[in-house]
Amino acid sequence: MLKIAHHTAYIHPLPEGHRFPMMKYELIPEQLLYEGLVKADNFFEPEMVEKEIVYLAHNKDYTDNLLNQTLDPKMIRRIGFPMSETLVQRELYLIDGSIKASLEAMKIGVSFNTAGGTHHAGRDFGEGFCLLNDQAIAAAYLYSERLARKILIIDLDVHQGNGTAHIFEDHPDIITFSIHGEKNFPFKKERSHFDLPLHDGVEDEEYLNLLNDKLPELFNHIEPDFVYYQSGVDVLATDKLGKFKMTLEGCRLRDEIVFQNCKRFKVPVEVSMGGGYSVHLKDIVNAHVNTYRTAIDIYDL
């Protein structure tokens with residue numbers, strides 16, 4: 001059975017007019033149930049992860065300041081959310097969701113977290129609506145527990161996974177791969193193991209051809225035994241913060257390529273949602289739901 005991490009804490013109240021579409025975390029599970037893609041027992045509720053696990057990927061001082069609500073105001077502005085205890089708790093639930101989803105993926109090949117993909121959080125900083133990096137922490141956990149010896153993090157958000165790259169820049173066995181807009185946020189890029197920066201306005205065909213060429217090469221070269229997929233949908237032409245021109249179908253085909261390669265190479269994959277800032281919330285939700293639908297079809301779930 002497909003397992004999906006979800007918690008009501010994911011839906012955190014924000015000031016009116018805030019540009020982060022927090023409501024999507026309520027609508028994604030509702031739409032999955034409405035369309036009959038999953039049932040209620042596909043979802044599981046994570047707990048708050050222990051801080052010692054957070055330390056596997058993040059600097060202790062940064063983590064403790066975040067947990068104790070003593071972050072520097074400049075760092076809070078860099079993160080972009082009004083800081084609160086419940087916001088930090090949300091992050092701890094989210095991290096546990098990605099860790100436990102990873103363990104579920106090992107059983108059937110794929111799993112999801114309805115939130116996550118907080119890839120702008122680096123070793124000692126938060127940024128771009130990301131406080132802590134759920135997939136980086138989950139990857140570090142699997143590695144430390146010797147549940148995976150070689151991990152590939154596939155980041156297809158329109159924005160570079162700079163935080164993930166920062167955390168693992170010198171790691172020989174947790175490999176980061178990012179396709180992103182060359183001239184988009186973050187304007188100071190970090191060095192992933194493999195970066196593919198693309199020009200503004202890239203369309204489906206060029207993007208999908210690049211992904212089709214690169215992914216099999218990576219799987220053959222790295223031989224991962226676990227994959228994390230950051231499936232941001234801000235690659236859409238409708239996105240306010242992206243600069244690509246991809247269609248909804250192109251975004252779905254992107255997901256299909258990732259899942260087909262994971263299945264072909266027999267590597268389990270955990271999926272966290274990542275970004276999406278289209279003008280209409282329905283475009284964001286439909287693109288995310290397509291990622292689930294595609295996995296359900298490919299893995300015959």
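Keep in mind the model is a prediction, meaning the values are calculated, not measured. Keep in mind that the numbers below use all heavy atoms, side chains included, and drop hydrogens, waters and symmetry copies.
Using a distance-only test at 3.5 Å, with no hydrogens or angles considered, no donor-acceptor pair links the side chain of Asn59 to the main chain of Arg123. Using a distance-only test at 3.5 Å, with no hydrogens or angles considered, a donor-acceptor pair links the side chain of Asp134 to the main chain of Thr118. Between the side chain of Asn42 and the backbone N or O of Lys39 there is at least one donor-acceptor pair closer than 3.5 Å. Side-chain atoms of Gln230 come within 3.5 Å of backbone atoms of Gly117 as a donor-acceptor pair (strictly under, hydrogens ignored). With hydrogens and angles ignored, the 3.5 Å screen pairs a side-chain donor or acceptor of His171 with a backbone N or O of Ile174. Looking only at distances, no side-chain donor or acceptor of Asp213 sits under 3.5 Å from a matching main-chain atom of Leu210. A donor-acceptor pair is defined here as one N or O able to donate and one able to accept, closer than 3.5 Å; no such pair exists between the side chain of Asn68 and the backbone of Thr70. Side-chain atoms of Ser272 never come within 3.5 Å of backbone atoms of Gly116 as a donor-acceptor pair (strictly under, hydrogens ignored).
Judged by distance alone, the side chains of Ser98 and Asn113 do bring a donor and an acceptor atom under 3.5 Å apart. When only modelled atom types and interatomic distance are considered, Glu206 and His199 share a side-chain donor-acceptor pair under 3.5 Å. His180 and Asp155 form no side-chain donor-acceptor contact under 3.5 Å, judged by distance and modelled atom types alone. Of the N and O atoms on the side chains of Asp234 and His159, at least one donor lies less than 3.5 Å from an acceptor on the other residue.
With respect to Glu256 and Arg293, no salt bridge is recorded, no charged nitrogen being found less than 4.0 Å from a carboxylate O. Under the 4.0 Å criterion applied to side-chain N and carboxylate O atoms, Asp195 and Arg191 are not assigned as salt-bridge partners. A salt bridge links Arg78 to Glu127: at least one charged side-chain nitrogen sits closer than 4.0 Å to a carboxylate oxygen. Under 4.0 Å is where a charged nitrogen must lie from a carboxylate oxygen, and between Glu182 and Lys189 no such pair does.
Of all the heavy atoms in Gly274 and Asp157, the pair that sits closest is C-OD2, 4.0 Å. The shortest non-hydrogen separation linking Ile296 to Leu2 is CG1-CD2, 3.9 Å. Residues Phe168 and Ile153 approach most closely at CE1-CD1, 3.8 Å, considering heavy atoms. Taking every heavy atom of both residues into account, Val269 and Cys262 meet most closely at CB-SG, 3.8 Å.
By the 4.5 Å heavy-atom criterion applied to side chains, Lys150 and Ile222 are counted as neighbours. Here the side chains of Leu92 and Leu132 are in contact, with some heavy-atom distance below 4.5 Å. Within the 4.5 Å cutoff, side-chain heavy atoms of Arg19 are placed close to those of Leu241. Within the 4.5 Å cutoff, side-chain heavy atoms of Arg254 are placed close to those of Leu211. Annotation: side chain of Gln135 is in contact with side chain of Glu270 (closest heavy-atom distance under 4.5 Å). Between Val158 and Lys243, every side-chain heavy-atom pair lies at or beyond the 4.5 Å cut-off. No side-chain heavy atom of Val110 sits less than 4.5 Å from a side-chain heavy atom of Pro268. Looking at Leu248 and Asp283, their side chains never come closer than 4.5 Å, going by heavy atoms from C-beta outward.
Counted within 6.0 Å of CD on Glu145, heavy atoms from surrounding residues, nucleotides or ligands total more than 12; the atom is thus considered enclosed. A 6.0 Å sphere centred on OH of Tyr34 holds no more than 12 heavy atoms belonging to other residues, nucleotides or ligands. Summarising the local packing, CD of Glu205 is surrounded by 12 or fewer heavy atoms from other residues, nucleotides or ligands at distances under 6.0 Å. Counting heavy atoms of neighbouring residues, nucleotides and ligands inside a 6.0 Å radius, atom CD of Glu50 does not exceed 12 of them.
In the hydrophobic clustering of ILVMFWY residues, with side-chain heavy atoms under 4.5 Å counting as a link, Leu142 and Leu94 come out together. Each of Leu14 and Ile28 belongs to its own hydrophobic cluster when Ile, Leu, Val, Met, Phe, Trp and Tyr are linked at side-chain heavy-atom distances under 4.5 angstrom. The hydrophobic clustering, which links ILVMFWY residues whose side-chain heavy atoms are closer than 4.5 Å, places Met273 and Tyr299 together.
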Report task. Test side chain to side chain donor-acceptor pair (under 3.5 Å) on Asp297 and Tyr292 and set out the steps. Result -> CA-CA 9 Å; Asp297 288 345; Tyr292 291 81; over 6 Å; no
**OP:** Start with the C-alpha distance between His119 and Asn162, add both sets of side-chain angles, then the distance that settles side chain to side chain donor-acceptor pair (under 3.5 Å), and finish with yes or no.
**Re:** CA-CA 7 Å; His119 63 161; Asn162 61 316; 5.9 Å; no
- Message: Quick one, Asp255 with Tyr229, criterion side chain to side chain donor-acceptor pair (under 3.5 Å). Give me CA distance, side-chain angles, the key distance, then yes/no.
- Response: CA-CA 9 Å; Asp255 298 335; Tyr229 176 31; 2.5 Å; yes
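Ring to ring, Phe129 and His18 are close: their centroids are under 6.0 angstrom apart. Taking the centre of each ring, Tyr228 and Phe226 come in below the 6.0 Å mark. Ring centroids of His166 and Phe125 are separated by less than 6.0 Å, placing the two rings close together. Taking the centre of each ring, Phe112 and His6 stay at or above the 6.0 Å mark.
In this pair, Phe219 and Phe265 present their aromatic rings parallel. The plane angle is below 30°, not in the 30 to 60° band. Aromatic ring pairs are classed by plane angle as parallel below 30°, tilted from 30° to 60° and perpendicular above 60°; the pair Tyr62 and His58 is tilted.
The side-chain contact (heavy atoms from CB on, under 4.5 Å) check on Thr247 picks up Asp204, Glu249, with sequence neighbours excluded.
Lys214 contributes atom NZ, which lies 13.0 Å from atom CG of Asn261 (distance to the nearest 0.5 angstrom).
Each of Met48, Glu85, His12 was evaluated against Arg90; a single residue qualifies, His12, per the side chain to side chain contact (heavy atoms under 4.5 Å, CB included) test. With Leu152 as the fixed residue, the side chain to side chain contact (heavy atoms under 4.5 Å, CB included) test singles out one of Asp173, Asp225, Ile175, Thr176: Ile175.
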